[in-house]
Amino acid sequence: MNTELRQEQERLDKVMEIITEQVVKLEAETARHREEVIDFRKNFWDDVKVNTDTFDDYLETIISLRQQAQVLSLIQGTHRQAFKRLSTLRRMREVPYFGRIDFTEEGTPITEQIYIGISSLTDPSGENILIYDWRAPVSSVYYDYSPGPAKYVTPGGEIRGMLEKKWQYLIRGGVIRSMFDTSITIGDEILQQVLSKGTDKHMHSIVATIQREQNRIIRHDRGRLLIVHGAAGSGKTSAALQRIAYLLYKYRDKLKADQIILFSPNPMFNSYVSNVLPELGEENMQQVTFQEYLDHRLGNEFELEGPYEQLEYVLTAEGDPSYRTRIASIRFKASKQFFEMITAYRRSLELSGMLFKGIKFKGKPIVTAKQIEEWFYSSDPSLRFHNRLEKLTERLLERLDEVEKLERTKPWVQEEMELLSNEEYYKASAYLRKKRGLKGELFDDDEIEPEALGRLIVRRKLKPLRKWIRKLRFVDFKGLYKQLFADPTQIKKLGMEGKTPGEWADICLLTVKMLDEGKLFYEDATPFLLLKELILGFQTNISIKHVLVDEAQDYSPFQFEFLKRLFPAARMTVLGDFNQAIFAHASEMSDFHTLTSLYGPDETDAITLTTSYRSTKPIVEFTRELVPGGDQIIAFERDGERPVLTQLSNRAELHRCIVSKVADLRNRQYNTIAIICKSAAESIAAYNALSNMEGIKLVKSSSMEYEQGVVVIPSYLAKGIEFDAVIIYDASAQVYGDESLRRLFYTACTRAMHDLQIYSVGEPSPFLRNVTPES
């Protein structure tokens, strides 16, 4: 061992000792804090004096409860912080640090050695920093500069100096396996090692191998919107997750993980990326799919189609007589023009056209839909729209009060009183006495006033109706959305003439038919919700401070406009690759330029990642030929085998070849092997044909967990995930013959890290004519 390496190992040994000491100390602390929390919870009520006899007693009880809750919250917070630090230190025992810069600050003669890891560490005195957190301002020098002049920004201003050297370490189990001077960028040797490993069920932190362009994404900190356009495998998702870790570190006093939300492609992807933030000692942010949000808001009202059901229709239903109309409908309803139509339609409702549901009680009308409409339009037109609805709600509740008085003397009330069980009668009596502020024993039966009991019975019968009115259920939202399509000529009144597609009349018929069946197509869900929100007043979420949208090319301009209004206090980071834009509305988002209008050019920045790290150089060189402009994608220098195209004559031969190839790939120790099909329908057929293969699994849109092993998966569910080896199930012209499927095919092929096998039953897809896989 050379002198320098020996000295570094000696330093590492001391650091490991300090980490171990801190781990032992924190283990004892967390155990003690846990016992304190358990003990406090057990005895919580012992120290609370509960007395509600008088208002002062009640107030004293509330104050006592609040004080106890605050103490418990403080103990729990201390335990949580100690446990979080303990988890980080345990990870640091594996890899205490991964890099070092020798930096001489301008105006000082001393060159400081700054070691960089996933978290900071000081010596026992707390005065000397042994390891700097990778998110600290000075650490940016490690990612952004080669030796020479360098600078970094701190809260106190810009620091300039000279980067003398930049080192990278490979440490495992407290031993330095290798260390080397990296003069240009993060060392390719370590990046090579990371990329050459087999994948497992989680995406991992890449802080040791962050490249300069990825660091720009991570530390970007201005404007409302950051757009990241990156080639397949360029590390955009991983960099975005490190960005969240960076923001949580930088703004730790005012930004918490539960104030950040990630809109991900599917639940399986959530499982795949769930490890990244915990690896860096941060809590996971909220993760949700856009469809889960729509289900939450609309699932009780409609049979709701999901994005993958829509895509499955697009991929498999070419023979449907309504196919062309549906495709035109999907594209138009994703557009900004349709967003303008919905907002214009809502404005038109201020003058006429509002639809309501009549209100009945015991089968008899209290107020008709027509009466409600007259009341609405007779109110002050200068009031804001939802304020007029509030006034209308008040009037309807007043009408309910009148009905309540009239109903008290009806025969049904007497019948209800006579049918009360002893238990129900007892509860009613107790309630009435409590309401009067009476104490002591319950009075005898003859003491209960029939009028009071009658009032109680009527009020309880009307309670669901009051709740229904307060929630504005009397507004006919389904009817209002249907009304927009019931008369195709209505576009003239809305100023939309000439802005609708040629198939508009057919789109209207298709939409009305769908609504009459109680269904809502995916392309209609967000517009329907927007109309509802514009009528009621937007249910905004101001607690969310940052929104991440992954696979942004799958979202429509309409959906982005909706998200902007849903999270008015949030900054947004969107990540995508238009070469992977596979949904039918993709033409509405031909590039991210359309998003600039969300917050304006002054509040928007864009970063493009062109280097693909996921796949070997031969795979990247192959896949970039599949898409226009692919020549701009740069392959990372990692050797491997060229993709192989195998043409077969029938399915039986195809399945024999796949079984043989999977056995070969397993022998080469590949952990994740994906057999990628075009659609879910093709995936089911392939899975059934290959089901005798040991351990094979079928991935569906409802799958919650990303699993290792051999999986059969539709192309659109594989988005955002990488596999050691990919088998394209059938790349024939019959399956991938239409030009609209080019991006889908590209997406499927770019999932492969190390090995790509392409099979074709019959003539191969025209996409493969100008590319040169082995065959």
Side-chain angles (χ1 to χ4, degrees), residues 232 315-316 318 579-580 582 615-628 630 635 639-668 670 672-693 696 698 710-718 723-775:
L315 294 176
T316 61
E318 293 94 333
N579 286 324
Q580 298 180 64
I582 61 176
S615 308
T616 60
K617 188 176 181 182
I619 292 175
V620 174
E621 287 176 342
F622 164 74
T623 55
R624 69 185 181 187
E625 294 296 319
L626 295 171
V627 287
D639 290 336
E641 296 175 10
R642 288 173 65 188
V644 178
L645 171 63
T646 305
Q647 188 171 337
L648 305 157
S649 56
N650 58 62
R651 297 271 166 186
E653 196 179 345
L654 168 68
H655 299 141
R656 281 196 300 271
C657 281
I658 289 177
V659 170
S660 174
K661 179 51 65 177
V662 167
D664 173 51
L665 293 168
R666 278 173 160 165
N667 287 335
R668 288 157 62 187
Y670 288 142
T672 54
I673 302 165
I675 300 165
I676 300 184
C677 302
K678 182 177 96 169
S679 63
E682 188 181 63
S683 293
I684 292 167
Y687 175 75
N688 288 336
L690 298 166
S691 58
N692 289 333
M693 192 185 298
I696 192 169
L698 175 65
V710 181
V711 297
V712 181
I713 185 169
S715 51
Y716 49 81
L717 288 182
F723 303 91
D724 292 330
V726 163
I727 293 170
I728 303 297
Y729 178 71
D730 186 2
S732 65
Q734 187 177 356
V735 177
Y736 288 101
D738 194 283
E739 183 60 29
S740 65
L741 299 171
R742 180 179 289 277
R743 287 166 166 170
L744 190 73
F745 186 68
Y746 168 82
T747 300
C749 292
T750 54
R751 302 304 96 202
M753 287 185 69
H754 310 298
D755 197 290
L756 175 60
Q757 301 289 325
I758 302 168
Y759 292 98
S760 173
V761 180
E763 183 189 347
S765 166
F767 310 148
L768 296 168
R769 280 182 196 142
N770 300 320
V771 295
T772 53
E774 289 185 5
S775 55

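These numbers were taken from a predicted model, which means no experiment stands behind them.
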Give me each pair satisfying salt bridge (charged side-chain N to carboxylate O under 4.0 Å, His left out) with a member in residues 672-691, each pair once, sequence neighbours excluded. none
Could you tell me which residues satisfy salt bridge (charged side-chain N to carboxylate O under 4.0 Å, His left out) with [X], sequence neighbours excluded, listed by chain and number?
{"X": "K661", "result": "D664"}
{"X": "D738", "result": "none"}
{"X": "R624", "result": "none"}

Any side-chain heavy atom of V662 sitting closer than 4.5 Å to one from L690? no
Residue list, ring-ring contact (aromatic ring centres under 6.0 Å, His included) with Y759, at least two apart or on another chain: none
Short side-chain to backbone donor-acceptor contact, [X] and [Y], under 3.5 Å:
{"X": "D724", "Y": "I673", "value": "no"}
{"X": "S660", "Y": "R656", "value": "no"}
{"X": "S615", "Y": "A752", "value": "yes"}
{"X": "R742", "Y": "V627", "value": "no"}

Interatomic distance, L315 atom CG to L744 atom CG [nearest 0.5 angstrom]: 6.0 Å
By side chain to side chain donor-acceptor pair (under 3.5 Å) - contacts of S649 (at least two apart): E653
Can you tell me if E318 has over 12 outside heavy atoms packed within less than 6.0 Å of its CD? yes
C749 and F622 have their tightest heavy-atom pair at SG-CE2, 4.3 Å
